[in-house]
Structures are given as structure tokens and as C-alpha cells.
Amino acid sequence: MNCDCHARLLRIYSRRLRKQASIGKVKTSRPINLNLFSIKWPVTALVSIAHRVSGILLFLATALLLYLLDLSLQSEAGFRQAADLLASPAASFLIWLVVVALLYHLIAGSRHLLMDIGIGESWRAGKFAATAVIVFSLIGAILAGFWLW
Amino acid sequence: MLVSIYRYNPEQDEKPVMQNIDVDVPADRDLMVLDVLELAKARDPSIAYRRSCREGVCGSDGMNINGVNGLACITPISKAAGPGRKLVLRPLPGLPVIRDLVVDLSGFYRQFEKVKPYLINDAPPPAIERLQSPEDREKLDGLYECILCACCSTACPSFWWNPDKFIGPAGLLQAYRFLADSRDTASAARLAALDDPFSVFRCRGIMNCVAVCPKGLNPTRAIGHIRSMLLQQGT
């Protein structure tokens, strides 16, 4: 084999090696299509995600409510202070939000419990139950509004 | 018809882009999304996607069509986009994109493999087939028909966030297919392998999987059955 041939082989191999290296580099950085806004969510998913959101809201609200309870139990003056705090329209709105979150969490949670014992697991029943959760919660929200104002 | 397609070529592109292609579709009949994709490919031959049987049997052309996972070959454009609307085609969500609409399914298959999707029977093989009563056979309906198109698992947020630990709806449907089989003798071992906080219990029952399954199967119900079996077994 002459020198010229060796050089050519070397060139071919080095080109191949470089190509492999570049392929390897590309593979490590593959994109993932996960734009949550490009995905259409079925009603069952929305109801379930809102169940979680309402749970987080209730968890945060518990701190506020416990503070108010503590304040009202401290003394007569403390009770009046708590009552004054709750009298403002903004506070009523907040309380309404907490009541709605509680109602929603209760209703949507009951649906999940029913599903756990095997009720409403078909697609039609699941969709129907999820829609029912929204309807009952809306009625509950309106009734809570009447009760508060 | 305007078709918007997710384009990514690893050798040229830094980031994926959406490419708009105007495709002439006949007005007198309804086409399938795959037909429109073929027309788009005639315009731009560099578009990459998987397809084979073109009749919803092979499960190759699973993709995200206007926000909903489905098989392009059996999804009519009238249902996917509606009249005068744009058709938006993206790869299955949550999996690494190899190119355009082609995703790397190896993570999905790894979860499938974990559930040992084959019959296990300790008894010595009989001279004839292992027999099963029609009632026992009926228990496999709605489980065995899965074509592994990955539409369900890639529609599942629990699978997006924990693709290595949560088996996912497709794998769990198969897990229950063998748990429910009267000829399988490995139920206890199968359940023990699933008994951890992630494999089954990451399912939150949001039913995205049921909503998208092109074969009309119900992984949510199968997962519910597995949960009950785990509870009864108390492994």
C-alpha cells in the first residue's frame, strides 16, 4: 500500500469519526414538546386540577382562619377586633372564596372517592360527573353569596 | 387548508419551530389527518413522521392533533379542526423529539417492559393449549386490544413529570391484562412489583388517557382494579 492510499484512508476515517461525534452531541439535547397551553384538557382533567388548586387555597386559608379564631378567643376586645376585620367587603369576598373553595373541594373530592370504589370510571360517566361537580359548585357558590350578603 | 407542523431537524435547527403549509384539500369529502400530512409532505418532502398501516391498527402515527393526542390515520379533519380552522400537528408531548413528529419512545417501552407483558405460568405445559372459560376470557376484553401507540401515556401529566417511575396508563393497562388472566400464576409477584408510591399511585384519575385512547380503552378503570387488588393483597 502506498502513502497516498494511507492518507486517503486516514481522511475518510477522521471524517467519519467527526460525523459520529456530531451526531452524539445532537442526541443529548433533544427538545420535548410540552407546551401546556397547546394541549386541550378534557373536563375531567380540569375538574381534577381545580380540586388540587382549591386544596392549596384551603391550606393557605387555614392559617388566616386560625389566626382569626385565636384573636376572637383572646378577649372581648379581641373578639370585636376579629368581627371588625370580617365586616369589610373585601373580607366578605375572601370568606366567600374560602367557602367556595371548601364546597368545590368537598364535591370534587367526593367524586374522586366514588371513583376509588369504582363508580364513574367509564368515559361517559366520568365526563358527566365532572360536569355535575361544576354545576353543583356554581349553585353552591351562588347560595354562599346569598348567605354572606 | 392551513396546516401548522412542528418542525425540528437536529442537524440544522437549534430549536423547534412551527411551519405553516397551505394544503389544497377536496371540499366534497372528509380527509383523515394523515392524508393532509401526506399532501403537506408533497409540498415539503423534508417533513418526517411515522406511519404504516393507515387504518388505526399499527399505532405508528400517534401525534398531538390540535391539542389532543390521536392517530392521524383515523382522525378526520372535520373532527380535529372543524371547518375553516387551522390543523395544528405536534409530536406526542413529553417525549424527546428525534425529528419533526417523530419521538423517542424508548422510555415508554421501558415502562411497558417493567410490567412483564407476557403470560407467566409455573405449571408444566399441557399437551394442548391452556384452556380458559368464556367468562374468564371475557375479563380480557378492553385490555388486550392496546396497540401501544403511546397516545395515553403521553397525555398523562403524571407520566410527564415521572416518566421513569410512574408506569403510565399504557403499561398499567397491560399489567392488569395479565393480572386479570386466569392462566397467569404470577399475580402476587406482579402486584409486589407495583407496590410503591410511584408505579401505580401517581395516577390521579384525571382520565386524560381515556379521553384520547384511539381504541376506546379505559386505563383509568384498569388502574382502579390494580389498586383494589393491591389493597386486598396488602403486600
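Values below: every heavy atom of this structure, side chains too, minus hydrogens, waters and symmetry copies. Labels below follow one simple rule: chain letters A, B, ... track the order of the sequence lines, proteins then strands, and each chain is numbered from 1.
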Fill in the blank from the handout: All heavy atoms of Asn66(B) vs all of Lys40(A), minimum pair found to be O-CD, 4.0 Å
Problem - Nearest-0.5 Å distance, NZ of residue Lys15(B) to OG of residue Ser29(A) - result: 13.0 Å
Handout entry: Heavy-atom proximity to chain A below 4.5 Å, by part of Asn208(B)
Key = both
Fill in the blank from the handout: Between the CG atom in Leu34(A) and the CG atom in Leu92(B), the distance rounded to the nearest 0.5 Å is 11.5 Å
Handout entry: Residue-level contacts of residues 95-109 of chain B with chain A, using a heavy-atom cutoff under 4.5 Å
Key = Leu95(B), Pro96(B), Val97(B), Ile98(B), Asp104(B)
Problem - Segment of Arg221(B) engaging chain A (4.5 angstrom heavy-atom cut-off) - result: both
Handout entry: Atom CZ of Arg85(B): over 12 foreign heavy atoms under 6.0 Å
Key = no
Handout entry: Which atoms of Pro91(B) approach chain A - backbone, side chain, both or neither, heavy atom under 4.5 Å
Key = both
Practice task
Might you confirm whether atom NZ of Lys79(B) has over 12 heavy atoms from other residues, nucleotides or ligands at distances under 6.0 Å?
Solution key: no
Exercise for the section: Could you tell me which residues in residues 112-149 of chain A have at least one non-hydrogen atom under 4.5 Å from a non-hydrogen atom of chain B, sorted by residue number? Expected result: His112(A), Met115(A), Asp116(A), Gly120(A), Glu121(A), Ser122(A), Trp123(A), Gly126(A)
Practice task
Return the option, out of Val43(A), Leu36(A), Ile39(A), with the maximum number of heavy-atom pairs under 4.5 Å with chain B.
Solution key: Ile39(A)
Practice task
Evaluate the side-chain proximity of Arg90(B) to Ser38(A): yes if any heavy-atom separation is below 4.5 Å, no if none is.
Solution key: yes
Practice task
Give me the contact list for residues 46-77 of chain A versus chain B, heavy atoms only, anything under 4.5 Å, ordered by residue number.
Solution key: Ser48(A), Arg52(A)
Handout entry: ring-ring contact (aromatic ring centres under 6.0 Å, His included) involving Phe198(B) - partner list, sequence neighbours excluded
Key = none
Fill in the blank from the handout: d(Met63(B) CE, Asn33(A) CG) to nearest 0.5 Å is 12.0 Å
